[in-house]
Number of protein chains: 2
Amino acid sequence: MKTSADQRPRTVTASDVARRAGVSRSAVSRAFTPEASIHPRTREQVLAVARELGYRPNALARSLVKSKQGPSSGLIAVVMGEFDNPFQPHFFSQLTQALQAQGRVAMLVMPDAQGSLDDALERLIAYQVEGAIIAAGSLSPEATNAFLALGTPAVLLGREDPRGRVSAILTDNRAVGERAADYLLRQQRKAPAFIGGRADGQASHERQQGFIETLSRTGFNTVPCLSNPDYSYASGYRAAQQLLRDHPDTDALFCACDALALGAMDALRAAGKTSPEQFSLIGCDDVPQAAWPGYQLTTLAQPVQQLVTQALDHLITSIASQRTDSPEVLRLTPEFVQRQS
Amino acid sequence: MKTSADQRPRTVTASDVARRAGVSRSAVSRAFTPEASIHPRTREQVLAVARELGYRPNALARSLVKSKQGPSSGLIAVVMGEFDNPFQPHFFSQLTQALQAQGRVAMLVMPDAQGSLDDALERLIAYQVEGAIIAAGSLSPEATNAFLALGTPAVLLGREDPRGRVSAILTDNRAVGERAADYLLRQQRKAPAFIGGRADGQASHERQQGFIETLSRTGFNTVPCLSNPDYSYASGYRAAQQLLRDHPDTDALFCACDALALGAMDALRAAGKTSPEQFSLIGCDDVPQAAWPGYQLTTLAQPVQQLVTQALDHLITSIASQRTDSPEVLRLTPEFVQRQS
DNA sequence: TTGAAAGCGATACCAG
DNA sequence: CTGGTATCGCTTTCAA
């Protein structure tokens, strides 16, 4: 008699089903292959027995043999930065769901504080991921290298590869800056300023460029620009305080992302600048909080759904074509979202 | 001459390394097995060649053979609900990082609107996940069943299995309600109320129970309790409006989660109840926004780090012991976080 | 349409 | 310590 400890049933294999159904292992395999040449009746029989026994093809074994024909693990690596900005989770959940809808499985890597990114990547690669979506902010280059070395297709999401070696799908950040400037100009503001994220942050930098260039075309030659160690609410708050101290006449502000903008808004309020008449503020991303009644932040929305769809399409295509050369960069247009009025 | 299309190098296998290093495949395998009995010099040689050729053991193949000895895919399924509450992403990122630190890989499932949960679960199961962490809110039962049927260890995180068939790690929600009540009583409030999430929501319900029972012990027998279709900011806002309409004398409010509480706070402010003297508010979770200067929400923090650690420990243990019977429920104590004063 | 047999890439057992 | 061999679970020729 067995002990109660080995309650876990041995995995049911194709052989088990074959034996029970009185057919060969091949037949079982065929029953689970849509286009296989197999008699309908045989298939039904097999599937019936399979259901009865609770058999499911082992994806590990399947991928192993199919790897002869090309990659087919069905696994996609998702490299995601930390959720320090409320925009990231939103982005991430869209991405996951899109992958899922495609019948693929997301294997996740999040660089933690220890910087164990490399280990984690190695592990994913060992699982023969077919491709990678990289949305890891500043850690993207490392991740990019890892996949590039393997010839595994990868797509950057939300940022661009400085060396242009892999495709990238992102929001047109210069356009973001330009439209932010347009908005503030339309409001007849006299003293606009900018609060950005990390000085080396690509997106932040491009938004700043678009912003100040547009302004300079209208005669604003010196626009105060502050940068921060990150893209957080707290940084926005601090930066706005500093801005008010150093440039008390400021009457319009563009922040590189909503998190910064929300922080800035609270700092402005704390300083008594509560009315939209005295001060214009605009952010970028369109995080859920921006729509909260307490904030009503005007912002430039990133086209999340499009970004995700395009990135996935692109990745799937390059997996299918087995080409990682000829990288492309796709810049999608942000959408202006007017609030607070 | 090959065309430029087949630029992707064929995967390097152990045989390639063996041949090049002048040893057997077994030797290569041993070189990559920490405790294997192999001459240090041989190992170094092999590793050198491996590095040179860019060889990495194929995890798929490895898991396949190791499955003889027991589960060893290194894969853990993470079933996560939608990120409709800012607490979820926070939770999720902690979980992922913890898994990663353990050298495991997270395979993610997020039930999307279409309810394709079953398909996605089937897929994960096919990949021979060793265990599952289920933090999917209301969809947990389905997910639980799927893993239970396979005898795959699973742990519920943040909620409990109504039928008590799998282990669960969660915050002590009754204690949350009790301490919330204590706080409001300490403030000498006369007319406390409660705003919860879904009426059938387990956590919300337990928090409510703890809350009203504690209050009733002090003589409050009829406490207005509102429920909502979800746990969102918007619902909190609406519910608070309704509360102020139906019970204008309310002077203290406990919300089942911070998202609801933040919404309620904005509704209170919009109604002119701005001062902490006139109105006490307390939430639960301790999401990042609760600490923002604009809110300064007093709340009962869920011990995220502990929850994650315990859940993982528990899962690993039951994977190792191969037992899915004798489920346990662990309730961790919330931490009171006093703000706004 | 079907079954037998040959792998996919790696590990573990067994002699040497 | 080392190399040969069986095996993991599945798909895929190749004949029949």
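Just so it is clear: chains get the letters A, B, ... in the order the sequence lines come, proteins before strands, and each one is counted from 1. Please read all numbers here as calculations on a predicted model, not as lab measurements.
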(request) Indicate yes or no for a side-chain donor-acceptor contact from B:Arg62 to the backbone of B:Pro57 under 3.5 Å, with no hydrogens or angles considered. (result) no
(request) Classify the nucleic acid contact of A:Phe32 as base, sugar-phosphate or nothing, counting any heavy atom under 4.0 Å across all strands shown. (result) nothing
(message) Regarding A:Arg43, tell me which of base, sugar-phosphate or nothing describes its non-hydrogen contacts under 4.0 Å with the strands shown.
(response) nothing
(request) Look at the side chain of B:Ser26 and the base of D:dG4, then say whether one donor and one acceptor between them are separated by less than 3.5 Å. (result) yes
(request) Using side chain to side chain donor-acceptor pair (under 3.5 Å) as the criterion, point out the one residue from B:Glu328, B:Glu160, B:Gln310, B:His314 that pairs with B:Ser167. (result) B:His314
(message) Using a 4.0 Å cut-off to any heavy atom of chain B, which nucleotides of DNA chain C are the first and last in contact, reading 5' to 3'?
(response) C:dG9 to C:dC13
(message) Using OP1 and OP2 only, check whether a side-chain N or O of B:Tyr127 sits under 4.0 Å from D:dG9.
(response) no
(message) Determine whether a donor-acceptor pair (N or O, by modelled atom type, separation under 3.5 Å) exists between the side chain of B:Gln100 and the backbone of A:Ala120.
(response) no
(message) At 4.0 Å (heavy atoms only), tell me whether A:Ile38 reaches a base, stays on the sugar-phosphate, or touches nothing.
(response) sugar-phosphate
(request) May I have the distance from A:Gln69 (atom CD) to D:dC10 (atom P), rounded to whole angstrom? (result) 18 Å
(request) Looking at every strand, decide which applies to A:Ser63 at a 4.0 Å heavy-atom threshold: base, sugar-phosphate, or nothing. (result) nothing
(request) Please report how far the helix from C:dT1-D:dA16 to C:dG16-D:dC1 bends, comparing the axis fitted to its first five pairs with the axis fitted to its last five, to the nearest 10 degrees. (result) 40°
